[in-house]
Amino acid sequence: MSLSFAPFREGFSPLEEVFPLKEHIDEDLRLLADKTHSIRTYASLGGMEPTPELARKYGLSMIQGGWLGYGYMDNKKEMAALIKSANANPDVVKRVIVGNEVLLRGDMDVDRLIGYIREVKRAVKQPVSYADVWSMYMKNPKLINEVDFITIHILPYWEDEPISVAHAPEHLEKIVKQVEDEARGIAPGKPILIGESGWPSAGRQRGMAVPSIVNEAKFIRGMIQVANRHGFDYNIVEAFNQPWKSNLEGVVGANWGLLSADRKPVFPLTGLVSENQDWKLHFTLASGLWLLILGVYFKKLQLFSITRLLVFMALTQIFSVCLINLADFLWYTSYSNLQRSYTAFIVIANALLGFLLVKRYSDILSEQPGQARLARQLRLGYLFFIGLALYKTYGLAMNGRYLSFPLEQFTLPAIGILGLVICQWISQAKFNSQLFRFDQLIGFNLHSRRDRLIAYFLSFAVIAMVLGETKAFLDGGDFILAHPGISQGLPFALTYTLFNQQLLLWLLCLMILSLPFWNNSTSQTNA
């Protein structure tokens, strides 16, 4: 039926007042003409002025929005532009929305908002509404009388109690019914527009709500089926991924589009959907890197037993896949030169650590004595990744709503330690708790108190992460209303925390990273 349309490409941002060009709007509407009947815009200024004219060119109708904030003069200019556009383009602008999530952001109170709604209603002939998350209409029921149609946002991913993609369609039905029941006592029969509903294709997991390409496709297709079955009026958020949103909402904020930032389909609208459409290319690159590693160690590998050879080949293949996936994902979710520089840096850091680990595997499996220089380099490499992991965990624990779990960046270091454990077990023929020492994994004993302190810091980070994620749920306004009091809310908050697979994998990474830094002795010996 309708798609949210904000044509901000990379390098363009309303935050920096770098607004879309007319030719961008023209190109984007041409791409959307065969995908939707209507578009919903959020502003009438800021480069959006040519939109009605270009929408007419491609046979699209509009739900035109006027952006409201806390600035009085900006609001007056925006409302004047909205009124002018609606009156000048009645054949294109079919409905008008005054403000978007103003109450949710706390930019103004409901009475001031109602004043703007009334001002626009007096000046235009189109139906007028206000758009916000569905709970804001429940908390401010007098809005229902003021609008000509009720515009609610239903975003299962962002609910204070996140909804899994499997249960999202029934959640849509439930919320629309709830709002209908509320409206029935105030203005029976008033139309409802689902003004925003969608699913992110990348980013951090919340509870059981997992961003992914496959899940976005499942949600969009399921939503359309529900809407058609019940006759719901809906608008999908959104047409294009918007890079500028990463500055506010991280990776997840920039990945809600049906088309990517470079205007390619994120997934096919019909037919089979793959999480990684380029998997063949990635497998080829990973295999090429793997063969290169085997070529470097070819002479030494000829001396390995079959078991040791297979272990070495498996670990190096995993490393190659991790490195290619890391480079692809971080590059795809980098939206500025600074972010791309970080991507290059972290990929190089992973590659260097992988090189050292492969050398250590080779030494262990060939039963060569530990090299002090290699051990020092490995220790420094892991200290770097541990410092970075602690920094990222602190951010996630303190205010992680929009921060992604950096799993791709730490998969290779974590698997690297597990690989050291496997190689040690094989070289010792069988596991012997009296002989096996985690603190000898990287090549020499780590017996200093400082190294044990590192293990403690990582353990405390695990606890802090669980507490931080749980507190984030407990602080949600709608969550508090549904579960007043710690005794009622804590079990639910813990459930959402402990069912977060990305979170659990991140905690596992932290614990694995700590393994070489645990020791049982204070004496110094060489490995």
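By convention here, the first residue in the shown sequence is residue 1.
At least one side-chain heavy atom of Met208 sits less than 4.5 Å from a side-chain heavy atom of Tyr496. Between Lys471 and Leu467 there is no side-chain heavy-atom pair separated by less than 4.5 Å. Side-chain contact check for His230 versus Leu172: every heavy-atom pair is 4.5 Å or farther apart. Side-chain atoms of Met313 and Gln317, non-hydrogen and from C-beta on, never get closer than 4.5 Å to each other. Looking at heavy atoms from C-beta onward, Ile364 lies out of side-chain contact with Ile426 at the 4.5 angstrom threshold. No side-chain heavy atom of Val133 sits less than 4.5 Å from a side-chain heavy atom of Ile154. Side chains of Phe8 and Val18 form no contact here, defined as non-hydrogen atoms less than 4.5 Å apart. You'll find the side chain of Glu27 stays beyond 4.5 Å of the side chain of Arg263, heavy atoms only.
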Step by step, would you call Leu32 with Leu258 a side-chain contact (heavy atoms from CB on, under 4.5 Å)? CA-CA 10 Å; Leu32 299 181; Leu258 299 187; over 6 Å; no
If you apply the rule side-chain contact (heavy atoms from CB on, under 4.5 Å), what do you find for Lys264 with Gln277, and how did you get there? CA-CA 12 Å; Lys264 295 179 181 177; Gln277 298 181 51; over 6 Å; no
Step-by-step side-chain contact (heavy atoms from CB on, under 4.5 Å) determination, Ile346 to Leu388: CA-CA 10 Å; Ile346 206 69; Leu388 185 61; 3.5 Å; yes
Might you work through the side-chain contact (heavy atoms from CB on, under 4.5 Å) test for Trp518 and Arg452, ending with a clear yes or no? CA-CA 6 Å; Trp518 290 107; Arg452 174 67 76 92; 3.6 Å; yes
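Counting only distance, with no hydrogens or angles, the side chain of Thr36 and the backbone of Met1 share a donor-acceptor pair below 3.5 Å. With hydrogens and angles disregarded, a donor-acceptor distance shorter than 3.5 Å links the side chain of Arg105 to the backbone of Asn100. At least one donor-acceptor pair under 3.5 Å links the side chain of Asn215 to the backbone N or O of Val210. Counting only distance, with no hydrogens or angles, the side chain of Gln339 and the backbone of Tyr335 share a donor-acceptor pair below 3.5 Å. A donor-acceptor pair under 3.5 Å links the side-chain atoms of Tyr382 to the main chain of Pro413, judged by distance alone. Although no hydrogens or angles enter the test, the distance criterion places no donor-acceptor pair under 3.5 Å between the side chain of Asp478 and the main chain of Glu161. No donor-acceptor pair closer than 3.5 Å links the side chain of Arg308 to the backbone N or O of Ile306. Looking only at distances, a side-chain donor or acceptor of Asn241 sits under 3.5 Å from a matching main-chain atom of Gly257. Side chain of Gln205 to main chain of Gln502: a donor-acceptor pair is present (N/O by atom type, distance under 3.5 Å, no hydrogens or angles). Without hydrogens or angle criteria, Ser362 side chain to Val358 main chain gives no donor-acceptor distance under 3.5 Å.
The structure places CG of Asp160 at 10.0 Å from CG of Asp475, a figure rounded to the nearest 0.5 Å. Annotation: the span from His153 atom NE2 to Glu101 atom CD amounts to 5.5 Å, rounded to 0.5 Å. In this structure, Phe385 CZ and Leu390 CG are separated by 13.5 Å, a value rounded to the nearest 0.5 Å. The line from CG of Leu315 to CG of Leu310 is 11.0 Å long, rounded to the nearest 0.5 Å. The CG atom of Asn325 lies 7.0 Å from the CG atom of Asn276; values are rounded to the nearest 0.5 Å. Taken to the nearest 0.5 Å, the CZ atom of Phe232 stands 14.0 Å off from the CD1 atom of Ile224.
Lys174 and Glu159 are not joined by a salt bridge, as no carboxylate oxygen comes within less than 4.0 angstrom of a charged side-chain nitrogen.
Between Phe312 and Phe304, the ring-plane angle classifies as perpendicular under the 30° and 60° cut-offs.
Contacts of Phe384 classified as ring-ring contact (aromatic ring centres under 6.0 Å, His included), with partners at least two apart in sequence or in another chain: Phe345. With sequence neighbours excluded, no residue forms a ring-ring contact (aromatic ring centres under 6.0 Å, His included) with Tyr42. Residues satisfying the salt bridge (charged side-chain N to carboxylate O under 4.0 Å, His left out) criterion with Arg401, sequence neighbours excluded, are absent altogether. In this structure, the side-chain hydrogen bond (donor to acceptor under 3.5 Å, both in side chains) partners of Asp262, at least two apart in sequence or on a different chain, are Ser260.
Crowding of Leu272 atom CG: a count of heavy atoms from other residues, nucleotides or ligands under 6.0 Å not exceeding 12. The environment of Phe457 atom CZ is sparse: at most 12 non-hydrogen atoms of other residues, nucleotides or ligands sit within 6.0 angstrom. Within 6.0 Å of the NZ atom in Lys218, the count of heavy atoms belonging to other residues, nucleotides or ligands does not exceed 12. Enclosure of atom NE2 in His167 is not indicated, since only 12 or fewer non-hydrogen atoms of other residues, nucleotides or ligands lie within 6.0 angstrom. The number of heavy-atom neighbours closer than 6.0 Å to OH of Tyr342, taken from other residues, nucleotides and ligands shown, is above 12. Residue Arg229 qualifies as enclosed at atom CZ: its count of foreign heavy atoms under 6.0 Å is above 12. Counting heavy atoms of neighbouring residues, nucleotides and ligands inside a 6.0 Å radius, atom CG of Asn337 does not exceed 12 of them. For Gln501, the CD atom sits in a loose shell: 12 or fewer heavy atoms of surrounding residues, nucleotides or ligands are nearer than 6.0 Å.
Proximity of the aromatic rings of Trp244 and Phe19 is defined here by a centroid distance below 6.0 angstrom, and this criterion is not met. The ring of Trp256 has its center no closer than 6.0 angstrom to the ring center of Phe240.
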Counting only pairs under 3.5 Å, give me each side-chain donor-acceptor contact of residues 506-513, with atom names and distances, residues two or more places apart or in other chains.
unit_1 : atom_1 : unit_2 : atom_2 : d
Trp506 : NE1    : Thr393 : OG1    : 3.1

Contacts table for residues 486-495: side-chain donor-acceptor under 3.5 angstrom, sequence neighbours left out:
unit_1 : atom_1 : unit_2 : atom_2 : d
Thr495 : OG1    : Pro491 : O      : 2.7

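Contact between Ala397 and Met465 at its shortest, heavy atoms only, is N-CE, 4.0 Å. Shortest non-hydrogen contact noted between Ile213 and Val266 is CG2-O, 3.7 Å. Contact detail for Asn235 and Gly195: the closest heavy-atom pair is ND2-O, 2.7 Å. Listed here is the closest heavy atom pair of Ile415 and Cys322: CD1-SG, 4.0 Å. Looking at every heavy atom in both residues, Pro20 comes nearest to Pro7 through CB-O, 3.5 Å. Between Arg360 and Ile442 the shortest heavy-atom distance is NE-C, 3.7 Å.
With respect to Trp158, the ring pair (Phe, Tyr, Trp, His ring centres under 6.0 Å) criterion is satisfied by exactly one of Trp199, Trp134, Tyr402: Tyr402.
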